[in-house]
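Down below is the structure, laid out as structure tokens.
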Amino acid sequence: MRRAVIVGTGMYAPERVVSNKFFDELYKKDIGTFLESSRNIKERRWMSEDQRTSDLIIPAAEEAMKNAGVTAKDLDLIIVSTDTPDYLSPSTASVVAYRMGAVNAGTYDINTACAGFVVGCDMASKYIIADAKYKNVLVVGAYAMSKYLNFDDYKIASLFADGAGAVVIQPSKDNAGFIDSQMYTDGQYHDYMGIYAGGSAQPITHSVVENKQHLLAFPKRIPPETNGIHWPRLTNILLDRLQKKALDINHFFITQFNVQSIYETLDKLELPRDRAHYVMDRFGYTGSASIGMALADAARQKKMKKGDLVFMLGSGGGMSMAALAMEWGYDC
């Protein structure tokens, strides 16, 4: 059976740097101390007014393709994971394909919120395993949440940021690559966090806009221990199937929402906290882009070597979660 493997990574963050001091001054209170000490966020990047999600995706994709040694015309499939698309319809992936000249690629978007990049990689690997005509698949996680922030709530406005992370996935030439995955959804939390206007449940009206119902909202509080419970649980499910131990995992790439949840996960697995790679300190919370950005950032730092066991743990609104195990395919 064929196995799929990541052969190139890329990332992009907009030029505008927004430090914690910006929020201290905006809200006339010390927000930065909490963000840095409890969330590991020192600054984030926001897109310009004339940028859209596809503008974030293309430079990340181009870096991933360059590192993989392929061009847009080589792509067979483009999967874009985002809950902040260019349009409600058509797909942002189709925009990306047109703008990059990916004339041979099929395209679609997926939305499993901030778990989407992991889900997209899992889907791409299964295409490659199941169908020999898929040789180059581009997976991108992208986030343009600064366009949806409600500045009446400083806890929301100060956390979220913009960016994109991308990978090119090919058939493995040896035994490296994606090994196993596990998804989980606790749908009772579907109305706890999200952008709830703009779809069929709540069309955009003047009243919706006036009341800021089209912006990101947290109507209810998701139990803070949720990720700290399920990330270790999903990790152990995969470890049991792989007949591996937690100590065998060389690198974790985990949704960069709350650093304390990442610490809790690694502590429960009895692993050092530096086994995970962190980017929220520089880029804030980039949602569906965060794991792809962390992966690309680690590759830029040459952290991974061929044969390393890598776990990705994604979590997002819904509540949707995804875990994926892979053997890294090349020396960075």
Side-chain angles (χ1 to χ4, degrees), residues 9 11 13 35 38-41 44-45 60 80-84 110-122 139-145 156 159-167 181-186 189-190 192-195 216 218 222-235 237-238 249 251-269 271 273-298 310-326:
T9 63
M11 62 173 286
L35 287 171
S38 296
R39 294 292 180 264
N40 192 32
I41 295 175
R44 74 286 291 139
R45 303 289 186 92
V80 169
S81 167
T82 187
D83 47 0
T84 58
I110 60 172
N111 181 1
T112 48
C114 306
F117 179 80
V118 182
V119 174
C121 288
D122 190 35
V139 178
V140 188
Y143 213 52
M145 195 56 79
I156 294 178
L159 185 63
F160 290 85
D162 306 324
V167 292
S181 64
Q182 183 70 41
M183 295 178 65
Y184 169 75
T185 296
D186 191 343
Y189 296 121
H190 73 275
Y192 278 54
M193 165 189 152
I195 301 170
L216 177 65
F218 288 69
I222 297 173
E225 66 272 12
T226 301
N227 288 328
I229 292 171
H230 292 293
W231 286 345
R233 182 180 68 83
L234 293 171
T235 298
I237 287 173
L238 293 182
I249 304 172
H251 308 280
F252 280 90
F253 297 94
I254 306 177
T255 298
Q256 306 275 295
F257 183 75
N258 184 343
V259 74
Q260 300 302 327
S261 295
I262 299 177
Y263 291 163
E264 183 180 358
T265 297
L266 295 171
D267 291 349
K268 285 184 175 179
L269 294 169
L271 293 174
R273 292 176 175 181
D274 62 2
R275 203 63 69 92
H277 188 74
Y278 305 91
V279 295
M280 74 272 276
D281 57 324
R282 290 158 286 152
F283 300 112
Y285 180 51
T286 52
S288 50
S290 66
I291 292 178
M293 291 177 69
L295 195 67
D297 188 67
V310 174
F311 270 50
M312 295 194 289
L313 301 174
S315 180
M319 166 71 75
S320 299
M321 296 187 177
L324 191 152
M326 61 179 158

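We number each residue from 1, following the sequence as shown.
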Looking at side-chain heavy atoms only, is the closest gap between [X] and [Y] below 4.5 Å?
{"X": "Ile195", "Y": "Asp83", "answer": "no"}
{"X": "Phe283", "Y": "Met11", "answer": "yes"}
{"X": "Ile237", "Y": "Tyr184", "answer": "no"}
{"X": "Phe257", "Y": "Leu159", "answer": "yes"}
{"X": "Thr255", "Y": "Ile291", "answer": "yes"}
{"X": "Phe311", "Y": "Ile254", "answer": "no"}

Roughly how far apart are [X] [atom1] and [Y] [atom2], rounded to 0.5 Å?
{"X": "Met312", "Y": "Leu238", "atom1": "CE", "atom2": "CG", "value": "11.0 Å"}
{"X": "Tyr143", "Y": "Phe117", "atom1": "OH", "atom2": "CZ", "value": "15.5 Å"}
{"X": "Arg39", "Y": "Asp281", "atom1": "CZ", "atom2": "CG", "value": "15.0 Å"}
{"X": "Met145", "Y": "Leu216", "atom1": "CE", "atom2": "CG", "value": "5.0 Å"}
{"X": "His230", "Y": "Thr235", "atom1": "NE2", "atom2": "OG1", "value": "12.5 Å"}
{"X": "Ile249", "Y": "Leu266", "atom1": "CD1", "atom2": "CG", "value": "9.0 Å"}

Shortest non-hydrogen contact between [X] and [Y], atoms and distance:
{"X": "Ala113", "Y": "Ser288", "value": "O-CB, 3.5 Å"}
{"X": "Trp231", "Y": "Thr265", "value": "CE3-OG1, 3.3 Å"}
{"X": "Gly141", "Y": "Ala289", "value": "O-CB, 3.3 Å"}
{"X": "Thr286", "Y": "Asp162", "value": "CG2-O, 3.7 Å"}
{"X": "Ala294", "Y": "His277", "value": "O-CD2, 3.3 Å"}
{"X": "Ala142", "Y": "Thr82", "value": "O-OG1, 2.8 Å"}

* **Aromatic plane relationship, Phe218 with Phe160 - under 30° parallel, 30 to 60° tilted, over 60° perpendicular** =>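 Plane angle between 30° and 60°, so tilted.
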
* **Stacked cation flag Arg273 on Tyr263, 6.0 angstrom / 45 deg** =>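 Here Arg273 passes the 6.0 Å and 45° test against Tyr263.
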
* For Arg282, the option from Asp297, Ile41, Asn40 that meets side chain to side chain contact (heavy atoms under 4.5 Å, CB included) ->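 Only one of Asp297, Ile41, Asn40 forms a side chain to side chain contact (heavy atoms under 4.5 Å, CB included) with Arg282, namely Asp297.
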
Output yes when a side-chain donor or acceptor of [X] lies under 3.5 Å from a complementary backbone atom of [Y], and no otherwise.
{"X": "Arg45", "Y": "Gly163", "answer": "no"}
{"X": "Gln256", "Y": "Met280", "answer": "yes"}
{"X": "Ser290", "Y": "Gly287", "answer": "yes"}

Per-pair distances, 0.1 Å, donor-acceptor, side chain in residues 315-326, under 3.5 Å, sequence neighbours excluded:
from, atom 1, to, atom 2, distance (Å)
Ser315, OG, Asn227, OD1, 2.6

